[in-house]
Amino acid sequence: MTLRLLAATLPGMSKSDFLDSGFATRAVHVGQDPDPETGAVIPPLHATSTFVQFEFGEPGKYIYSRSGNPTRAALEANLAALESAEFGIAFGSGCAATDSIIRLLRPGAHIIAGADLYGGTYRLFEQVLADFGFDFEYVDTTDPANISAAWRDETAMVFIETPSNPLMSISDITAIAEITRERGARLVVDNTFMSPFLQRPLELGADLVFHSTTKYINGHSDSIGGIVLTNNAVDAERLVFIAKSVGATLSPFEAWLIQRGVKTLAIRMERSQATAERVVELLDNHEKVKRVYYPGLASHPQHELAKRQMDGFGGMVSFELADMSAVKRLLDSLTVFTLAESLGGVESLISNPASMTHASIPREERGARGVKDGLVRISVGVEDAEDLLADLRRALENV
Ligand SMILES: Cc1ncc(COP(=O)(O)O)c(C=O)c1O
């Protein structure tokens, strides 16, 4: 791997000898050198807003935590090493990361976005950024030809989620990257559902990858954060500047917590995925379930692409019941699954996108995109598979 340490352009990278190691080793060790002063195995949490300047006119490496903090820098190096990126810029949330990515563009820019995006991303685009002169157009990116067809002179970015949220459709990153590269635009991939353990879009030609670290990367449902990863030094520098200027940076405490979570990312993803496969089997053979959305199913429309593009099919499963009242009966009967928004934590979460995560998309628009009232989304956690399956079986009987 030709990963270069970030010291030259971003604040505070520590030396690391683990850049050529396997994924789980990098997750545990990159940016995590023991504290040289005390020998503490875990790098300390630098909970400070400012840094002393020992001599007038000679500030040290760090000045003020909105612009740079060693705990945050360590996390940025760690996540960059996992996504095959040179640069990582951490934000206070996934939405703050998305907002800063769009600010790389100038007003008047046309952005082609996937039709099946996280509802909060759609809300940010339509109810905030559209008012500042950015023009978003939503197309079904599972067919790259739709992107070419929507292209205009002002198109500056293609913004996709793959697998998409909540319908688990897969877009071909390599094919779309060819289109954007040819035309001088950026391809941005929201990799939140997969985590770098299962998919690394930069290796497939994407220009910028981002995560809501709130999900799998932190993995314990106890922090909010975001990260952008790229090999483009100009974009990285501009994102650092935007983040510090608008104050979108991640707090040191959140960075420390997220780093703790990252260390078990590989084993959490393996466990969650193994159980998800059993959950899919149960749902796919159940008479009350109309349809299951999971890229690992041979019947999934982009199953072959998923096999090529991803290192596994992940821990997210969506399925459809008859209607909202069936959903209510199911959700009210579960005891191990927790009814809550979000995903990617150690606890299995279940939600109804139409009334929860995607409620900010108008009903008609939602329906047109296939997010029906009867849709249920599961994020499979790391509990015992037998307990989760028994819980689902029992609840489905009440539907
Ligand atoms: C796929 C996806 N992207 C982005 C976000 C936004 O992240 P955050 O909630 O950390 O702002 C979410 C949140 O649910 C998400 O699921």
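Counting convention: from 1, in listed order, for ligands and their atoms alike. The first residue in the sequence is number 1, and the count goes up from there.
E347 and H220 share no side-chain donor-acceptor pair at under 3.5 Å. A donor atom on one side chain and an acceptor atom on the other are not found under 3.5 Å apart for Y122 and Q127.
S333 and R329 get closest at one heavy-atom pair: OG-O, 2.5 Å.
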Under 3.5 Å, side-chain donor or acceptor atoms of residues 264-277 against the rest of the protein: list the pairs with distances, not counting sequence neighbours.
residue : atom : partner : partner atom : Å
T264    : OG1  : G261    : O            : 3.1
T264    : OG1  : R268    : NE           : 3.0
R268    : NH1  : Y216    : O            : 2.7
R268    : NH2  : Y216    : O            : 3.0
R268    : NH2  : I217    : O            : 3.3
R268    : NH2  : G261    : O            : 2.8
R271    : NE   : V382    : O            : 3.3
R271    : NH2  : V382    : O            : 3.1
R271    : NH2  : E383    : O            : 3.2
S272    : OG   : V380    : O            : 2.8
Q273    : OE1  : F313    : N            : 2.8
Q273    : OE1  : G314    : N            : 2.7
T275    : OG1  : R271    : O            : 3.1

Can you give each donor-acceptor pair under 3.5 Å made by side-chain atoms of residues 174-182, sequence neighbours left out, with the distance rounded to 0.1 Å?
residue : atom : partner : partner atom : Å
T180    : OG1  : I176    : O            : 3.3
T180    : OG1  : A177    : O            : 3.1

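Sorted by chain and number, the residues within 4.0 Å of ligand 1 by heavy atom are S93, G94, C95, Y118, E161, N165, D190, T192, S212, T214, K215, G225, L343.
The side-chain contact (heavy atoms from CB on, under 4.5 Å) test applied to S299 returns L297, not counting sequence neighbours.
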